[in-house]
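Structure first, then comments.
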Amino acid sequence: MWCEVALDRNLPIGIFDSGVGGLTVYRALHEHLPNERFVYLGDTARVPYGTKSLATVESYAVENAQFLAAHGIKLLVVACNTASALALPAIRRALDIDVVGVIGPGARAAVASSSGKRIGVIATESTVHSGAYTRAIAKADPSATVVERACPLFVPLAEEGWADEDVARAVAETYLKDLRSSIDTLVLGCTHYPILKSVIQESVGGHVGLIDSGEATAVEVRSLLKEKGLAGSASGTGALERQLCDDLDHFYVTDAAERFARVAERFLGSKPARLEAVEVWGEDRLKA
Ligand code: DGL
């Protein structure tokens, strides 16, 4: 007889990203779900994903997902837009828990908030090449028009801490100025772009609504957990007052932990209290 194994609502939520950018999604989840614990994996050894092929991103993403699943999680959030765009079906085949990517929630939030259904999407080269946002937006509203654009230089600018410098303004202007008159809504379809929100807003103009896919994902995850009876309780986390990066959340990286901590502090204002370097592939994965 087939029977579903009940998940413990006090298990943590797993999050993975190609590196440090997924911390913007962690922050949104933390804000919307203060009673949850999180286990985050940043694949800092193999970043960037945004220039890699479907086959490579799929194999990395499945390894990351299996690493987190082996740690006991009740749900997986794929924070990386590139992995969500290219590898969601493969991850879902590999895991027997719910897997939520950022593309669907971002697309639905854009359609819901766009008055004229003229939607722009900025993302990595591989996400744009996949056409995943265009398909997800068309699914939510077939009448919407979509223009997608790769903005790869935003990633190093955010990590360098130059989000408010003239160089970021010049890059944003070069990438985005011609979109100003053709869109009313712009999806920030890459983990790093919320860090550059203010220069992006300046470049596209105040009339364009910005959609943060991570934020939209956090809202959908909250509803999904409630619907499945899996929402964590404050008593389950053992603390009523949670702080970003406190010791109830566990962070893993596949390389360069010190750099991850430094950029985490830049993005979130604090370093992870629990941060460990691991290997998620090969034989060492079994020992982790
Ligand atoms: N995390 C990636 C994304 O959201 C950006 C960085 C990368 O290229 O790996 O698409």
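Indexing begins at 1, ligand by ligand and atom by atom, following the structure's order. What you see is a predicted model; the values in this text were computed from it and never measured. When reading the values below, keep in mind they use all heavy atoms of this one structure, side chains included, and skip hydrogens, waters and symmetry mates.
- Close approach of ligand 1 to S18 is summarised as follows: ligand atoms under 4.0 Å from at least one heavy atom of the residue are 1 (N), 2 (C), 6 (C), 7 (C), 9 (O).
- A donor-acceptor distance shorter than 3.5 angstrom exists from the side chain of Y193 to the backbone of C151, with no hydrogens or angles considered.
- Set against the non-hydrogen atoms of T124, the atoms of ligand 1 under 4.0 Å away are 5 (C), 8 (O), 10 (O).
- Close approach of ligand 1 to C190 is summarised as follows: ligand atoms under 4.0 Å from at least one heavy atom of the residue are 3 (C), 4 (O), 5 (C).
- Ring geometry, F251 versus Y26: the interplanar angle exceeds 60°, so the pair is classed perpendicular (tilted spans 30 to 60°).
- The side chain of D17, and not its backbone, has at least one atom closer than 4.0 Å to an atom of ligand 1 (non-hydrogen atoms only; side chain from C-beta on).
- Atoms of ligand 1 lying under 4.0 Å from at least one heavy atom of G50, given by number and element, are 7 (C), 8 (O), 9 (O).
- Annotation: N81 places an N or O atom under 3.5 Å from an N or O atom of ligand 1; distance criterion only.
- Counted by atom type alone, N81 and T191 present zero donor-acceptor pairs between their side chains at under 3.5 Å.
- Both the backbone and the side chain of T82 come within contact range of ligand 1, each with a heavy atom under 4.0 Å.
- Residues T145 and K117 have side chains not in contact (no heavy-atom distance under 4.5 Å, counting atoms from C-beta outward).
- Residue-to-ligand polar distances keep T127 apart from ligand 1: every N/O pair is separated by 3.5 Å or more.
- Close contacts of ligand 1 with V47, meaning ligand atoms under 4.0 Å from a residue heavy atom, involve 9 (O).
- For the side chain to side chain donor-acceptor pair (under 3.5 Å) with E36, the qualifying choice from R242, H30, K74 is K74, the only one to do so.
- At a 3.5 angstrom cut-off on N or O pairs, H192 does not count as close to ligand 1.
- Applying ring pair (Phe, Tyr, Trp, His ring centres under 6.0 Å) to Y252 and the options F67, F16, Y40 leaves one that passes, F67.
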Steps toward side-chain contact (heavy atoms from CB on, under 4.5 Å) verdict (S233, N35): CA-CA 5 Å; S233 60; N35 294 331; 5.7 Å; no
